[in-house]
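All remarks here apply to the structure that follows.
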Amino acid sequence: MKVRGILQEKGHEVVTVAPDASVADIVQRLRADRIGAVVVSSDGVHVDGIVTETDVVRGLADAGGDLLAQPVSRLMKDDVTTCAPDDEIRDLMAEMTHRRSRYVVAVEDHRLVGIVSIGDVVKSQLEDRELEVRVLRDLSHPRA
């Protein structure tokens, strides 16, 4: 299976924020949209960075509550793990494991087209395994 399959299943919508948005704005978006990461983009099309819940927690531990008034550009990671829609899921899993990344931004022609979480990958793999089990079960127990 390819990344494209996950994106078709979950959709291509990605929550983005501008680099000058405050960290407090990010926290509100994470909570309101019930997500674990937002993509930082000055134009909503190109990826400038990413901020995850973990980044916020670490930033608060280091800087305290004053961090909430700071621009997200202070907190964001600009070394974003990306993939293409035609990348294989197994390659994506390897990259996520190697980089210890829970989120990968899908980009096509240098344009943001989606985001894939480790949860999306696990769900995809479970669905594939369930299909395999059903097919094998049907093959081993043919119906009369």
Side-chain angles (χ1 to χ4, degrees), residues 1-140:
M1 178 183 243
K2 296 187 183 288
V3 170
R4 187 175 308 282
I6 289 177
L7 295 175
Q8 287 172 340
E9 173 104 8
K10 74 175 278 189
H12 293 268
E13 185 179 336
V14 180
V15 174
T16 62
V17 296
D20 60 350
S22 72
V23 174
D25 292 337
I26 294 281
V27 169
Q28 289 301 318
R29 289 301 302 267
L30 291 170
R31 182 177 178 271
D33 294 325
R34 301 179 69 194
I35 54 175
V38 295
V39 173
V40 181
S41 175
S42 54
D43 60 8
V45 175
H46 299 94
V47 178
D48 299 326
I50 191 167
V51 176
T52 68
E53 293 169 315
T54 303
D55 297 328
V56 173
V57 169
R58 288 180 179 155
L60 286 169
D62 292 343
D66 293 340
L67 176 72
L68 294 172
Q70 298 294 317
V72 71
S73 57
R74 179 167 182 253
L75 191 60
M76 75 178 192
K77 290 185 225 154
D78 57 7
D79 180 25
V80 180
T81 305
T82 62
C83 66
D86 288 327
D87 288 350
E88 294 288 338
I89 297 297
R90 69 176 174 272
D91 297 333
L92 181 64
M93 288 189 309
E95 185 68 16
M96 291 175 96
T97 301
H98 174 73
R99 294 190 81 174
R100 299 182 51 94
S101 177
R102 295 183 308 149
Y103 301 92
V104 176
V105 177
V107 177
E108 189 169 41
D109 297 325
H110 304 288
R111 299 173 68 86
L112 175 64
V113 296
I115 189 166
V116 178
S117 72
I118 191 66
D120 298 329
V121 172
V122 169
K123 179 182 178 208
S124 162
Q125 292 299 293
L126 286 173
E127 288 170 354
D128 283 354
R129 295 298 124 1
E130 288 172 5
L131 175 61
E132 286 176 18
V133 167
R134 283 194 304 272
V135 168
L136 290 172
R137 192 174 289 139
D138 288 348
L139 288 173
S140 66

(message) Using modelled atom types and a 3.5 Å cut-off, is there a donor and acceptor pairing between side-chain atoms of Asp109 and backbone atoms of Arg111?
(response) no
(message) A side-chain contact here means heavy atoms from C-beta on lying under 4.5 Å apart; do Val72 and Asp25 qualify?
(response) no
(request) Check whether any side-chain heavy atom of Glu9 sits under 4.5 Å from a side-chain heavy atom of Lys123, and report yes or no. (result) yes
(request) Return yes if some donor-acceptor pair links the side-chain N/O of Asp48 with the main-chain N/O of Ser42 below 3.5 Å, else return no. (result) yes
(message) Go through it in stages, so that I can follow the logic: the residues are Leu7 and Asp120, the test is side chain to side chain contact (heavy atoms under 4.5 Å, CB included), and I'd like the CA-CA distance, side-chain angles, deciding distance and then a yes or no.
(response) CA-CA 9 Å; Leu7 295 175; Asp120 298 329; over 6 Å; no
(message) With side chain to side chain contact (heavy atoms under 4.5 Å, CB included) as the test, pick out the partner of Val47 among Val14, Val40, Val105.
(response) Val105
(message) Check whether Ser73 reaches the backbone of Asp20 with its side chain - one donor and one acceptor, N or O, closer than 3.5 Å.
(response) no
(request) Please name the pair of heavy atoms, one in Arg4 and one in Glu108, separated by the smallest distance, quoted to 0.1 Å. (result) NH2-OE2, 3.5 Å
(message) Would you say that Val3 contacts Asp87 through its side chain, given a criterion of any heavy-atom pair below 4.5 Å between the two side chains?
(response) yes
(request) Test Arg102 against Thr54 for side chain to side chain contact (heavy atoms under 4.5 Å, CB included), laying out the working first. (result) CA-CA 10 Å; Arg102 295 183 308 149; Thr54 303; 3.3 Å; yes
(request) Just jot down the side chain to side chain donor-acceptor pair (under 3.5 Å) partners of Asp79, sequence neighbours excluded, or say none. (result) Arg99
(message) Looking at Gly59, is its backbone amide N or carbonyl O close enough to the side chain of Asp62 to form a donor-acceptor pair, meaning the two atoms are under 3.5 Å apart?
(response) no
(message) Using the side chain to side chain contact (heavy atoms under 4.5 Å, CB included) definition, which of the options Ile50, Val15, Ile35, Val104 pairs with Ile115?
(response) Ile50
(request) Write down the atom of Ser22, the atom of Ala69, and the distance for their closest heavy-atom approach. (result) CB-O, 4.4 Å
(request) Taking the side chain as every heavy atom from C-beta outward, state whether Gln70 and Leu75 have any pair of such atoms under 4.5 Å apart. (result) no
(request) State, to 0.1 Å, how close Val38 and Ile26 come at their nearest heavy-atom pair, and which atoms those are. (result) CG2-CD1, 3.2 Å
(message) Quick check: closest heavy atoms across Asp43 and His46, and the distance to 0.1 Å?
(response) OD2-ND1, 2.6 Å
(request) Of all the heavy-atom pairs spanning Asp86 and Lys2, show the shortest one and how long it is. (result) O-NZ, 3.4 Å
(request) Identify the heavy atoms of Tyr103 and Gly36 that sit nearest to each other, and give their distance. (result) OH-CA, 3.2 Å
(request) For side chain to side chain contact (heavy atoms under 4.5 Å, CB included), just list the numbers for Thr16 and Leu112, CA-CA rounded to whole Å, side-chain angles, deciding distance to a tenth of an Å, and then say yes or no. (result) CA-CA 10 Å; Thr16 62; Leu112 175 64; 3.6 Å; yes
(message) Could you check whether any side-chain heavy atom of Met96 comes within less than 4.5 Å of a side-chain heavy atom of Thr81, counting everything from C-beta outward?
(response) no
